[in-house]
Amino acid sequence: MQCSTVRKGSECGFMTNKGCNFNGGQCLPILDKCEGCSRTVKIEEAVFCSVAPNPAAKWARGACNFATHLEKKPVEEQQKVNPLKASKRAAASRK
Ligand code: SF4
């Protein structure tokens, strides 16, 4: 349903016939950490997030998972080592 509070006209899952269903009744502005993210939308004087009504909640447990302006570090693959096979390999190399 289309928002009729702070982001008028944009589609929102929190909007109902009775008004905004989000805690607080409207979207909250972005944080300083959000600067540079392409998901920000400026509406009148305030800047909001297009995917999260409360940006502070997205940053509460580390970096926001929707952020587009953060460098993602490649996850190093850790090779699983079977301790039994490693022991046998070590024993074989000692011979
Ligand atoms: S996606 Fe995350 S970093 Fe980007 S504006 Fe929204 S809350 Fe901020």
Side-chain angles (χ1 to χ4, degrees):
M1 191 167 183
Q2 289 199 341
C3 178
S4 63
T5 57
V6 293
R7 291 173 34 194
K8 288 185 176 81
S10 57
E11 284 297 319
C12 181
F14 288 103
M15 205 63 201
T16 66
N17 290 333
K18 294 178 183 174
C20 182
N21 212 12
F22 180 67
N23 187 17
Q26 64 181 35
C27 291
L28 301 173
I30 63 164
L31 309 177
D32 291 343
K33 298 172 194 173
C34 299
E35 296 290 339
C37 180
S38 66
R39 298 187 201 272
T40 59
V41 284
K42 187 171 184 182
I43 298 171
E44 295 173 5
E45 292 304 307
V47 183
F48 299 98
C49 174
S50 62
V51 293
N54 184 3
K58 297 301 294 174
W59 286 92
R61 295 185 184 177
C64 171
N65 59 332
F66 290 130
T68 60
H69 60 305
L70 302 177
E71 262 185 48
K72 290 188 177 170
K73 294 177 186 167
V75 180
E76 287 182 28
E77 278 191 39
Q78 287 187 339
Q79 196 169 14
K80 290 184 180 176
V81 177
N82 182 334
L84 184 60
K85 287 183 179 178
S87 166
K88 286 180 180 175
R89 243 180 271 130
S93 67
R94 275 188 239 132
K95 287 182 184 175

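In listed order, ligands and their atoms are each counted from 1. Source: prediction; values computed, not measured.
- Close contacts between ligand 1 and H69 involve ligand atoms 3 (S) [criterion: under 4.0 Å to a heavy atom].
- Residue, atom and distance of the protein heavy atom nearest to atom 2 (Fe) of ligand 1 are C64 SG, 2.3 Å.
- Shortest contact from atom 8 (Fe) of ligand 1 to any protein heavy atom: C34 SG, 2.3 Å.
- If you check which protein heavy atom lies closest to atom 4 (Fe) of ligand 1, you get C37 SG, 2.4 Å.
- The minimum heavy-atom distance between P55 and L28, with the atom names listed, is CD-O, 3.5 Å.
- Residues I43 and V6 share a single hydrophobic cluster, defined by chaining ILVMFWY side chains whose heavy atoms lie under 4.5 Å apart.
- Of the options F48, W59, F66, a side chain to side chain contact (heavy atoms under 4.5 Å, CB included) to C34 is made by W59 and by none of the others.
- Against a heavy-atom cut-off of under 4.0 Å, F66 is close to the following atoms of ligand 1: 1 (S).
- Judged by distance alone, the side chain of S50 and the main-chain N or O of R39 form a donor-acceptor pair under 3.5 Å.
- Distances from atom 6 (Fe) of ligand 1 show that C49 has an N/O/S atom below 2.8 Å.
- Atoms of ligand 1 lying under 4.0 Å from any heavy atom of T40, numbered from 1 in the order shown and given with element: 5 (S).
- Under a 4.0 Å heavy-atom criterion, W59 is in contact with ligand 1.
- The local environment of CD in E44 is sparse, with at most 12 non-hydrogen atoms from other residues, nucleotides or ligands closer than 6.0 Å.
- Of all atoms in ligand 1, listed by their number and element, those nearer than 4.0 Å to a heavy atom of P55 are 7 (S).
- Counting only distance, with no hydrogens or angles, the side chain of K8 and the backbone of T5 share a donor-acceptor pair below 3.5 Å.
- When atom types are taken as modelled, the side chain of R94 and the backbone of R89 share no donor-acceptor pair closer than 3.5 angstrom.
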